[in-house]
Trainee: 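Could you have a look at this structure, given as structure tokens, before my questions?
Hydrogens, waters and symmetry mates are skipped; everything else that's a heavy atom, side chains included, is used.
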Amino acid sequence: PSLYYSSVDYQEEVELLASKETESSVVERAVQVYSRLKSQGFSTVGISAILGNFQIESGINPKRAEGDYLAPPVGAFKGCWDDDSWLEMGSAEIYGGKFPLIRHRGLGLGQWTDTTDGSNRALMLRTYAKERGEKWYNLDLQLDFILNGDSPIRSKIFKDVASISKLEQLEEATKTFLTFWEGNPLDKIELRISASRDWFFYFSQTEQSPTFNPLDAYLWAEKRIFPMPTKKEIETGWEGNGYAPGHCTWYVFNRMRQFGKHIHPFMGNAADWTENYKLTHGAKLAIQPIVGDAVIFEPGVQGSSTLYGHVAFVEHVFSEGNFLISEMNVNGIFTMRWRVVGIEKGVHFMRVVSGVE
């Protein structure tokens, strides 16, 4: 419903067993899309922008149809995916006519939809599949359709976005794809951008880590990390920051806010965060890092203060398990540096859901 309303207040959460799937199945499909497009010469940045959109549209699931979560016969039932009458249900059947633009329900990775203003993208997908003796919900078939069967202008937009290679253009690429390929400007844009970043970081973790020299780590990060910390994170600070200015905790609060993550402003010294992380709603401790975590070093671990401990921000995770951090107050307050470190006893990862305060 939030696709069509500016805001939705969910009063009850219902989980449909038919729609349950594991995180690994989503990753497997994403890898399949990535591998196919990468073999065509497209870039990691562009593919990530597209995957971020597909994740919000369909869960990167080619076998999705608009309204399939509803009760049968409007929602999914055995055999519905090959039933033309079910596939051609529109606004009247699914939404009681509230969204008259929808002529036939959206289908597949990109939720191709037939609309009353003349678009026949769902019909084009199904026709393309029938001509090739394939099911419309076959993932490879849908990728073929995207590249070769969709309207020429849509295929060109897709290829143009998939070719974008500069990391600083990831956000704009995500918006461009949503606006001109999906045709639904601003819909859940922050979620799409966040998902695009996540996929970029995921597919970038095949690189080996640079040397452990802080300067080398910074030079590596400068070309690959986006956004980089700004004056606000390093010098002036974000509003609501209750930590001592220029200290490691103060910097991590700022860097978290830059990424849209909110942590409690009074969790004490870094050494206290392994317990006080509970003050931050939606936070948990993890044993393996991902980008956006706060890494907490117990006192004395990896050169941290034997009294106060240390905390830093996880910027990148490398294939062999080491990870890149940005940190402050190792060599003095307001002094930050970049470092590649590894996992060991006394190292914890505080994970915060984006936007949760």
Trainee: Walk me through it: do F42 and L147 pass the test side-chain contact (heavy atoms from CB on, under 4.5 Å)?
Mentor: CA-CA 12 Å; F42 296 114; L147 297 171; 4.1 Å; yes
Trainee: Search all heavy atoms of R36 against all heavy atoms of S39 and return the closest pair with its distance.
Mentor: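 The answer is O-OG, 2.6 Å.
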Trainee: Measure the spacing between CG of D140 and CG of L143 and express it to the nearest 0.5 Å.
Mentor: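 Those atoms lie 6.0 Å apart.
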Trainee: In terms of the angle between their ring planes, are W273 and Y243 parallel, tilted or perpendicular, with boundaries placed at 30° and 60°?
Mentor: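 Judged by the thresholds at 30° and 60°, the geometry between W273 and Y243 is tilted.
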Trainee: Just how far is it from atom OG of S43 to atom CD of Q169, taken to the nearest 0.5 Å?
Mentor: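 Rounded to the nearest 0.5 Å, the OG-CD separation comes out at 9.5 Å.
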Trainee: Stepwise, does the side-chain contact (heavy atoms from CB on, under 4.5 Å) test hold for Y277 with V352?
Mentor: CA-CA 9 Å; Y277 77 90; V352 183; over 6 Å; no
Trainee: Salt bridge check: are R192 and E57 linked by an N-O gap of less than 4.0 Å?
Mentor: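 Looking at R192 and E57, the cut-off is met.
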Trainee: Under a 4.5 Å side-chain heavy-atom rule over Ile, Leu, Val, Met, Phe, Trp and Tyr, are L101 and M124 clustered together?
Mentor: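 Different hydrophobic clusters.
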Trainee: Is the shortest heavy-atom distance from the side chain of M336 to the side chain of E327 under 4.5 Å?
Mentor: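 SC-SC contact between M336 and E327 ruled out.
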Trainee: Under a 4.5 Å cut-off applied to non-hydrogen side-chain atoms, are T230 and I234 in contact?
Mentor: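 They are not in side-chain contact.
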Trainee: Do you reckon V330 sits in the same ILVMFWY cluster as F313, going by side-chain contacts under 4.5 Å, direct or chained?
Mentor: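 They do not share one cluster, since no chain of ILVMFWY contacts under 4.5 Å joins V330 to F313.
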Trainee: Under a plain distance cut-off of 3.5 Å, with no hydrogens placed, do E66 and Y95 share a side-chain donor-acceptor pair?
Mentor: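 Note: Y95 and E66 side chains meet the donor-acceptor criterion.
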Trainee: Decide yes or no on side-chain contact (heavy atoms from CB on, under 4.5 Å) for H316 and R224, but give the supporting numbers first.
Mentor: CA-CA 9 Å; H316 188 86; R224 295 169 174 84; over 6 Å; no
Trainee: Do the side chains of F203 and V31 get nearer than 4.5 Å, heavy atoms only?
Mentor: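 When only atoms from C-beta onward are counted, F203 and V31 do touch, with a gap below 4.5 Å.
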Trainee: Are E28 and S25 close enough that a side-chain donor and a side-chain acceptor fall under 3.5 Å?
Mentor: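 Per modelled atom types, E28 and S25 side chains form no pair under 3.5 Å.
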Trainee: Assigning hydrophobic clusters by single linkage (Ile, Leu, Val, Met, Phe, Trp, Tyr; side-chain heavy-atom cutoff under 4.5 Å), is F180 placed with I153?
Mentor: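 Yes: a chain of side-chain contacts under 4.5 Å links F180 to I153.
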Trainee: If I compare all heavy atoms of A49 with all of V161, which pair ends up nearest, and what's the gap?
Mentor: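 For A49 versus V161, the nearest heavy atoms are CB-CG1, 4.3 Å.
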Trainee: Side-chain contact, heavy-atom cut-off 4.5 Å: P229 with M328?
Mentor: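 They are not in contact (no side-chain heavy atoms under 4.5 Å apart), so the answer is no.
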Trainee: If I compare all heavy atoms of E344 with all of V301, which pair ends up nearest, and what's the gap?
Mentor: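 Answer, listing the atom of E344 first, then V301: OE2-CG1, 3.8 Å.
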Trainee: Show the nearest heavy-atom pair for residues S304 and G300, with the distance to one decimal.
Mentor: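 Result for this residue pair: OG-N, 3.0 Å.
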Trainee: Looking only at atom types and distance, does a side-chain atom of T179 sit under 3.5 Å from a main-chain N or O of T176, one as donor and one as acceptor?
Mentor: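 Not at all, since once roles are kept as given, no pair shorter than 3.5 Å links the two residues.
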Trainee: Which is it for W199 and Q55 under the side-chain hydrogen bond (donor to acceptor under 3.5 Å, both in side chains) test, yes or no, and what are the steps along the way?
Mentor: CA-CA 10 Å; W199 287 119; Q55 180 172 330; 2.6 Å; yes
Trainee: Looking only at side-chain N and O atoms, does R257 offer a donor or acceptor that is under 3.5 Å from a partner on N241?
Mentor: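 No, R257 and N241 have no side-chain donor paired with an acceptor closer than 3.5 Å.
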Trainee: Let me see the working for T44 and K38 under side-chain hydrogen bond (donor to acceptor under 3.5 Å, both in side chains), right down to the final yes or no.
Mentor: CA-CA 7 Å; T44 299; K38 196 69 174 175; 3.0 Å; yes
Trainee: Are any non-hydrogen side-chain atoms of L37 and F158 less than 4.5 angstrom apart?
Mentor: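 Touching, per the 4.5 Å side-chain cut-off.
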Trainee: Salt bridge or not between E235 and K232? Use side-chain N to carboxylate O under 4.0 Å.
Mentor: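 Answer for the salt bridge query: no.
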Trainee: Which heavy-atom pair separates I50 from A162 by the least distance, and what is that distance?
Mentor: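 The answer is CD1-CB, 3.8 Å.
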Trainee: Once you round to the nearest 0.5 Å, how far does CG of N53 lie from NZ of K188?
Mentor: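 With rounding to 0.5 Å, CG (N53) is 11.0 Å from NZ (K188).
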Trainee: Whether the side chain of R29 engages the backbone of G59 through a donor-acceptor N/O pair (distance < 3.5 Å, no angle test) should be reported.
Mentor: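 Looks like yes, one N/O pair under 3.5 Å.
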Trainee: Could you tell me the separation between the OG atom of S48 and the CG atom of L167, rounded to the nearest 0.5 Å?
Mentor: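 Those atoms lie 9.0 Å apart.
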Trainee: Would you sort out whether F318 and L324 count as a side-chain contact (heavy atoms from CB on, under 4.5 Å), showing the intermediate values?
Mentor: CA-CA 8 Å; F318 297 100; L324 175 71; 3.9 Å; yes
Trainee: Could you measure the distance from the CD1 atom of I296 to the CG atom of N276? Nearest 0.5 Å is fine.
Mentor: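 Separation between the atoms: 9.5 Å.
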Trainee: Between S326 and Y251, is a side-chain hydrogen bond (donor to acceptor under 3.5 Å, both in side chains) present by the stated rule, with each step listed?
Mentor: CA-CA 9 Å; S326 62; Y251 169 74; 2.6 Å; yes
Trainee: Would Q142 and W136 count as having a side-chain donor-acceptor pair, cut-off 3.5 Å?
Mentor: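 Distance-only check fails for Q142 and W136.
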Trainee: Judged by atom type as modelled, is there a donor-acceptor pair below 3.5 Å linking the side chain of T127 to the main-chain atoms of L123?
Mentor: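 Present.
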Trainee: Should we say atom OH of Y308 is surrounded by more than 12 heavy atoms from elsewhere, each under 6.0 Å from it?
Mentor: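 Result for OH/Y308: open.
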Trainee: In this structure, would L170 and L178 fall into the same cluster of hydrophobic residues linked by side-chain contacts under 4.5 Å?
Mentor: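 Unlinked, L170 and L178 end up in two clusters.
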Trainee: Compute the centroid of each ring, for F226 and then for F200, and state whether the two points are separated by less than 6.0 Å.
Mentor: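 No, they do not, as the ring centres are separated by 6.0 Å or more.
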Trainee: Is there a donor-acceptor contact under 3.5 Å from the side chain of S155 to the main chain of I146?
Mentor: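 Checking the backbone N and O of I146 against the side chain of S155, a donor-acceptor pair under 3.5 Å is found.
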Trainee: May I ask you to check whether F145 and W112 place their ring centers less than 6.0 Å from one another?
Mentor: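 Ring centroids of F145 and W112 are less than 6.0 Å from each other.
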Trainee: Answer yes if the side chains of Q302 and H310 hold a donor-acceptor pair under 3.5 Å, and no otherwise.
Mentor: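 There is no such pair (donor and acceptor under 3.5 Å, judged by atom type) between the side chains of Q302 and H310.
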Trainee: For W250, does the six-membered ring have the charged nitrogen or CZ of R255 within the cation-pi criterion, i.e. under 6.0 angstrom from the centroid and within 45° of the normal?
Mentor: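 No.
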Trainee: Below 4.5 Å, heavy atoms only, C-beta onward: do H348 and E298 meet side chain to side chain?
Mentor: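 A side-chain contact under 4.5 Å exists here.
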Trainee: So is R351 actually on top of F349's ring, under 6.0 Å and inside 45° of the axis?
Mentor: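 Geometry flag: not set, cation outside 6.0 Å or 45°.
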Trainee: Which of these passes salt bridge (charged side-chain N to carboxylate O under 4.0 Å, His left out) with R126: D82, D84, D114?
Mentor: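 Answer to the salt bridge (charged side-chain N to carboxylate O under 4.0 Å, His left out) test with R126 among D82, D84, D114: D84.
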Trainee: For the atom pair NE2 (H104) and CD1 (I94), what is the distance rounded to the nearest 0.5 Å?
Mentor: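 H104 atom NE2 to I94 atom CD1 measures 10.0 Å (nearest 0.5 Å).
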Trainee: Do the side chain of S119 and the main chain of T115 share a donor and acceptor less than 3.5 angstrom apart?
Mentor: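 Pair absent, no side-chain N/O of S119 close to backbone of T115.
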Trainee: With distance as the sole criterion, is a donor-acceptor pair present between the side chains of S196 and T174 under 3.5 Å?
Mentor: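 There is such a pair between these side chains.
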Trainee: Using modelled atom types and a 3.5 Å cut-off, is there a donor and acceptor pairing between side-chain atoms of W86 and backbone atoms of V74?
Mentor: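 Yes.
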Trainee: Is the side chain of S91 donor-acceptor paired with the backbone N or O of I102 at a distance under 3.5 Å, no angle test?
Mentor: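 Such a contact is absent between S91 side chain and I102 backbone.
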Trainee: Between E275 and D272 (side chain of the first, backbone of the second, donor and acceptor by atom type, cut-off under 3.5 Å), is there such a pair?
Mentor: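 No; judged by distance alone, with no hydrogens or angles, the pair does not exist.
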Trainee: Quick one: are the ring centres of W181 and F177 less than 6.0 Å apart?
Mentor: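 Yes, the ring centres sit under 6.0 Å apart.
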Trainee: State which residue, out of L285, V252, V295, fulfils the side-chain contact (heavy atoms from CB on, under 4.5 Å) condition with M350.
Mentor: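 With M350 as partner, side-chain contact (heavy atoms from CB on, under 4.5 Å) holds for just one option, L285.
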Trainee: Is it the case that one hydrophobic cluster holds both I56 and F54, taking links as side-chain heavy atoms less than 4.5 Å apart, direct or via other members?
Mentor: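 No: no chain of side-chain contacts under 4.5 Å links I56 to F54.
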Trainee: Closer than 3.5 angstrom, by distance alone: can the side chain of D293 be matched with the main-chain N or O of I290 as a donor-acceptor pair?
Mentor: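 Yes: the side chain of D293 pairs with the backbone of I290.
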Trainee: Heavy atoms only: give me the nearest L87-L107 pair and the separation to one decimal.
Mentor: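 Shortest heavy-atom separation between L87 and L107 comes out as CD2-CD2, 3.9 Å.
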Trainee: Within 45° of the axis and under 6.0 Å from the centre of the six-membered ring of W81, does NZ or CZ of K135 qualify?
Mentor: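 The answer is no; the distance or angle limit is not met.
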Trainee: Has N184 got a side-chain atom pairing as donor or acceptor with D187's backbone, closer than 3.5 angstrom?
Mentor: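 Side chain of N184 to backbone of D187, a donor-acceptor pair under 3.5 Å: no, none is there.
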